[in-house]
Amino acid sequence: MSGGWREGDPAEGRRWVHLPRPLVLESGSVLPDVRIAYETWGSPSAPAVLILHALTGDSHVAGTSSPGWWEGLVGPGKAIDTNEYFVVAPNVLGGCQGSTGPSSPCADGKPWGSRFPSLTVRDQVAAEALFADALGISSWAAVVGGSMGGMRALEWAVMHPSRVSSLLLLACPAAASADQIAWAAPQLRAIRADPGWLGGDYHGSAGPVAGLGIARQIAQVTYRTESELAARFGRFPQGDGRFAVESYLDHHAAKLVRRFDAGSYVVLTEAMNSHDVGRGRGGVSAALGEVQARTLVAGVDSDRLYPLAQQVELAEGIPGSRDVRVVNSPYGHDAFLIETGQVSALVKELLRG
Ligand SMILES: CC(=O)SCCNC(=O)CCNC(=O)[C@H](O)C(C)(C)COP(=O)(O)OP(=O)(O)OC[C@H]1O[C@@H](n2cnc3c(N)ncnc32)[C@H](O)[C@@H]1OP(=O)(O)O
Ligand SMILES: N[C@@H](CCO)C(=O)O
């Protein structure tokens with residue numbers, strides 16, 4: 001692993017909105033100047049669809065000169081048809097692809113670094129609601145999200161029920177479980193134990209390259225399945241002394257380190273740990289009962305990180321939800337990004353059904 005993250009050239013079509021007022025967070029901390037980066041597709045006069053990305057995703061859902069992370073799903077004639085819908089994808093608050101996060105400049109012009117406050121998923125949705133106001137979007141025909149994006153989509157439907165007509169929740173829970181927090185714990189420890197972390201004030205130096213890489217390696221295993229790793233890599237050694245699966249994880253570590261900021265990884269991971277739709281609302285069932293949107297919930301049959309039982313809980317608790325849908329896949333949690341054919345069918349069912 002070598003070379004820390006630096007924000008590269010903006011993706012084609014990326015723009016920014018500065019929120020009109022400081023954002024008061026659940027913790028009481030205040031972010032004085034929040035910038036949200038976003039991309040759009042289609043005509044602003046069409047019904048609007050909000051797409052919310054997962055942990056290391058960004059606003060680049062689809063593109064012409066460079067493919068996006070849901071290229072198969074969004075575009076003219078595709079399941080989210082940009083001839084019919086105005087598609088909006090913001091980069092999450094706390095992220096590192098254009099929205100305000102730990103690597104952004106603070107009032108003194110230096111990166112926020114360790115001064116960046118803790119965020120919750122609700123803080124992120126509060127920022128996204130002000131962002132939608134700034135775009136003049138009063139309600140969404142659909143809000144769609146998987147994993148961390150699904151947590152935000154769910155909070156949108158609870159915090160702003162009248163603004164969400166339909167909702168697609170993919171591979172996400174009502175609340176982060178002990179198991180999910182447990183998998184996150186060594187990832188956070190690895191980053192913070194790296195001498196390059198410098199308490200979070202590493203921007204301008206190499207940063208916690210090894211720590212972030214190890215965090216991605218731990219996470220990557222949870223995103224895939226035992227059977228996939230066995231089939232793809234077996235016990236095969238490579239000529240360099242590493243097992244093939246170790247080489248695969250090293251590759252993913254190096255790739256993430258090149259494109260992601262460690263401070264954002266920490267802030268976003270801790271925001272996911274904070275996720276509990278029932279917190280302060282009388283519990284999960286009461287909170288899910290607040291959702292007014294026509295809802296489709298789907299999980300992946302082989303997801304060992306966000307198991308199907310969590311999506312069953314959502315589908316059974318949300319009044320306007322159909323029965324839980326199952327994405328059949330050997331890939332585990334990442335299937336919501338990979339199985340675009342099955343996800344397209346779900347989107348079509350929601351939007352046209
Ligand atoms: C600039 C960008 O990267 S934009 C990407 C933005 N990312 C996101 O939006 C986050 C969501 N996306 C993802 O998490 C992923 O891209 C997914 C889940 C959609 C797809 O996963 P992938 O990484 O494409 O698939 P997979 O796990 O099979 O890995 C394939 C990679 O492993 C490499 N690989 C496979 N076997 C080995 C091995 N034995 N040793 C080393 N590398 C290996 C492949 O060469 C390939 O490399 P590449 O990605 O550089 O082309
Ligand atoms: N592969 C996804 C998994 C998180 O849901 C990501 O990196 O964002």
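First listed ligand is number 1; within each ligand, the first listed atom is number 1.
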*Nearest protein heavy atom to atom 22 (P) of ligand 1, by residue and atom, and its distance?*
H252 CE1, 4.2 Å
*Report yes if some N/O of S147 lies less than 3.5 Å from some N/O of ligand 2; otherwise report no.*
yes
*Under 4.0 Å from any heavy atom of F336, which atoms of ligand 2 are there?*
5 (O)
_Nearest-contact summary for atom 46 (C) of ligand 1 - protein heavy atom, Å_ = H251 NE2, 4.0 Å
*asked:* Below 4.0 Å from ligand 1: does a non-hydrogen atom of Y223 turn up there or not?
replied: no
*Name the closest protein heavy atom to atom 10 (C) of ligand 1, giving the residue it belongs to and the distance to 0.1 Å.*
T56 OG1, 3.4 Å
*Record the part of H53 in heavy-atom contact with ligand 2 below 4.0 Å; permitted values are side chain, backbone, both and neither.*
neither
*Under 4.0 angstrom from ligand 1, any heavy atom of A54?*
no
_How far is atom 19 (C) of ligand 1 from the closest protein heavy atom, and which atom is that?_
L337 CB, 3.6 Å
*Non-hydrogen atoms of M272 versus ligand 2: any pair closer than 4.0 Å?*
no
_Atom indices of ligand 1, in the order listed, that fall short of 4.0 Å to a heavy atom of R232_ = 26 (P), 27 (O), 28 (O), 35 (C)
_Top protein contact for atom 7 (O) of ligand 2, by heavy-atom distance_ = T56 OG1, 2.6 Å
*Are any of the N/O atoms in W69 less than 3.5 Å from those in ligand 1?*
no
*asked:* Need the ligand 1 atom indices (1-based, order shown) with element for anything under 4.0 Å from a heavy-atom of K255.
replied: 48 (P), 49 (O), 50 (O)
*Strictly under 4.0 Å, does any heavy atom of H53 approach an atom of ligand 1?*
no
*What residue and atom, counting heavy atoms only, is the protein's closest point to atom 1 (C) of ligand 1, and at what distance?*
R259 CD, 4.3 Å
*Could you verify whether a donor N or O on one side chain and an acceptor N or O on the other, from Q180 and N273, lie under 3.5 Å apart?*
no
*Can you list the atoms of ligand 1 that are under 4.0 Å from a heavy atom of D334?*
18 (C)
_Taking a cutoff of less than 4.0 Å between a non-hydrogen atom of the residue and any ligand atom, is M148 in contact with ligand 2?_
no
_Please list the nearest protein heavy atom to atom 1 (N) of ligand 2 with its residue and the distance rounded to 0.1 Å._
D334 OD1, 2.7 Å
_Between T120 and D123, a side-chain donor and acceptor under 3.5 Å_ = yes
